[in-house]
Amino acid sequence: MTIKFIRDHGQHYRPRMACLAKVEAMVLEMQDSKSGVKSSEQKLNITSIPHVVTGQDILAWIANHMKVDAQEAQTIGTMLVAYGFIYPLQDHKKLILKPDVSLYRFQTPYFWPVQKWKADNTDYAIYLAKRNIRKKGTLDVYEQEYYKNLHKWLNHKWDFIVMQAKEQYRAGKERNKADRVVFDCQERAYWIVHRPPPRTHSAMDYGVDRLIDPNAEENKTFDYYRRIIIFTQQAIMRSKVKSTVSLGAILKHMTTYKDHDPFLAPCLPSNPWQTDDSSYWDLNMRNVEIPTKMRVERWSFSFFELLNDPRGRTDFKVFLKKEFSGENLAFWEAAEEMKWGTASSISEKAQTIFKTFLAPGAPRWINIDGRTMGLTVKGLEHPHRYVLDAAQTHIFMLMKKDTFYRYLKSPVYKDIQKKALSPAPHNFTPSQLEQNAQNRKPGINPIIIWQQEEEERAKAAAAAGPIDIKKLMASKLDRK
Amino acid sequence: MAAQEVQPSETIAKLKSESEALKTKLEEERAKLHDVELHQVAEKVDPLGQFVMKTRRTLKGHGNKVLCMDWCKDKRRIVSSSQDGKVIVWDAFTTNKEHAVTMPCTWVMACAYAPSGCAVACGGLDNKCSVYPLSLDKNENLAAKKKSVAMHTNYLSACSFTNSDMQILTSSGDGTCALWDVESGQLLQSFHGHAADVLCLDLAPSETGNTFVSGGCDKKANVWDMRSGQCIQSFETHESDINSVRYYPSGDAFASGSDDATCRLYDLRADREVAIYSKESIIFGASSVDFSLSGRLLFGGYNDYTINVWDVLKGTRVSILFGHENRVSTLRVSPDGTAFCSGSWDHTLRVWA
């Protein structure tokens, strides 16, 4: 609503409104004498206004022409009014299309919204001044606010504004009464759209201006073309797959997850948003003892799913412990933590990781090929965020292609599959649903859960750290 | 500039024709692999049934247009920001407001929930992205612990945490995206390539690596490598500004919503647009899109106050949802896919399921 931002951010360009072209075409069709909306002359107060249409006729035309139902026609119609292509004669501050005998007129093209030209403050000042001249005291409170502010901002050209207002008022008086009434309606409608009163939704209230001119052509210099050439060359060289393969993969993903999508298959026992019962969330909490069958099934879809679900990762760790190969996952987790951690902690973490996983004779030495090991160790001399990428990818692929599949066939997984819960679907009566709505449980604050996890992590880190022989010997000597 | 033009325009013309030739070659290469259309693949799939999606919660409390929202990983809390500078954290399930922060600027166009659930990030016309750690104490003044992280030279249009609370990815009206270290406020990587305001971004689901996609007013959707800062793929098929981009759940594709009233699906591995979701009767721009959990449904919030639900495979619209009284500005599906939340310029947020 403010006319001018105190800080000029340099944003001066209106967002593009691609819909204007289509709407203009539609509005022109609506005014066609043969196939358009039927109009008539209506008496308003004492004057007779031509080419008036009713809301329901407009809606019927839209529904017929665009082949949509009444509700959608209502949506389109309301947008036509909100943009100012059609304006209401009664209740003019509400920019909606009423599906009844309310009267509307088509706005003259002179007052249509245009991408390039903003509704200027100077013009608005002239309009308000003109109304003041015509009859003092007709301005609404919000218009008086505007008028006061405009008087401040445009003080330097106020004489010009008053002169223009007087000139327009005089010219208006020379028109015949019917034309004058029509023009006044049109002009009023224009300003309602471009300077909407409070609580009026106008589509020209478009938000924040853009910084860069959307219609400006990028300056086509050497650099511009060189960039395109380099980029296109790289794009040609990049490996692409056949559509059958990539679309097949997309389809496969959809099919795999079909039964797990709450919008496509009912979630058991019930969707908390629909029944106000949060059992679904309680059964699927992070460290629940027995997970649900659906959850366990999801772990088998991909290694990424298994790792992403904290309960799944825990189960995987149980399996790895039995195989005595926990160091791979531990390395991967440490590398993730370094990659996503704070910039200041990188060198420290890199050191720890080197000592624990990569150094010759390290307590949790990981088995990667010589070349990757060489590259990684060299990179660790000047550690940066992505220094472990190569090693991490190698280990991840190893786990994904080998360990993961062995896990799925293992007794650990089979065991959890057997134990997994299959909750029965809820069947609430309407009165029970009302009860649920009254007693929605607040749930645990994520901050508390995070604090608990931090404690667990600290404990696990302490337990898994390399044993300090000196301390152990010292404690043994103490006892002696 | 004048000195360069002495090198006559024939060299520029040569470069221009070279770039045109390369573009043609790229199209040829793409066409060779283009052996099936999405709707052909979709033929063997059963059509979807009828949907009954209703507003399950209406969150009232913002005094002005709701501009952005994000879900917490706990699947029930959300953070939302509005034009009047207020950022509110809600438990959407109980509709209780848990925290409220007043930003020192209006038009808070971006907000995000941290993966840990312990902080929120937001920004807008102040050109910055600030992180507010949340507290268990309801009476604590969150603004006291505020940390200014990102600094752009123009408005902040979108922000997102990466896999941890320690890094934030931002996009701005100044045409760039940037990756920041939260603790120090250090710029880790910047991404240049858009010719106009960047309006939206989305991070790829982790397995597919360190990439993200951004959409801008130059009608382009660019895919970036976070590590090198390079733009690795670019798509320019929209006819107007791209307001929203979102990855497909597997990370092999992404959808975009644009002011030209269409939503489109881009296949990253085949490097082309594979579907356009549009209808003659949908004339007004799409402001926000998101996929359901399986990726079969695409939800789009539009400027004509409605939400259209598309069948991603078959390209048809399966449902249209009414209820908002002004433009739908933001739409996100909850982390477990049980519901989606839409925020609108009518000052409310609605949760649908």
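Please read these numbers as outputs of a predicted model, since none were measured by experiment. Here is how names work: the chains are called A, B, and so on, in the same order as the sequence lines, proteins then strands, and each is numbered from 1. Basis for what follows: all heavy atoms, side chains included, without hydrogens, waters or symmetry-related copies.
Proximity to chain A (any heavy atom under 4.5 Å) is restricted, for B:Leu297, to the side chain, taken from C-beta onward. Using a 4.5 Å cut-off between heavy atoms, B:Phe340 contacts chain A through both its backbone and its side chain. Heavy atoms closer than 4.5 Å to chain A are found nowhere in B:Gln230, neither backbone nor side chain. For B:Leu67, no part lies near chain A; criterion is any non-hydrogen pair under 4.5 Å. Only the side chain of A:Tyr280 has a heavy atom closer than 4.5 Å to any heavy atom of chain B.
A tilted orientation is assigned to the rings of A:Tyr83 and A:Phe85, their planes being inclined by 30° to 60°.
When each of B:Gly285, B:Ala92, B:Ala253 is checked for heavy-atom pairs under 4.5 Å with chain A, B:Ala92 comes out on top. The residue among B:Glu239, B:Glu183, B:Arg57 with the most heavy atom pairs within less than 4.5 Å of chain A is B:Arg57. With chain B as the partner, the residue from A:Gly341, A:Ala437, A:Pro442 showing the most heavy-atom pairs under 4.5 Å is A:Pro442.
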Evaluate A:Trp281 against B:Phe93 for ring pair (Phe, Tyr, Trp, His ring centres under 6.0 Å), listing each step before the verdict.
CA-CA 11 Å; A:Trp281 287 332; B:Phe93 190 64; 5.1 Å; yes
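Residues passing the side-chain contact (heavy atoms from CB on, under 4.5 Å) test with A:Pro446 are B:Cys72, B:Asp74, B:Arg77, sequence neighbours excluded. Listed by chain and number, the residues in a side-chain contact (heavy atoms from CB on, under 4.5 Å) with B:Ala114 are B:Ser116, B:Ala119, B:Phe161, B:Asp165 (sequence neighbours excluded).
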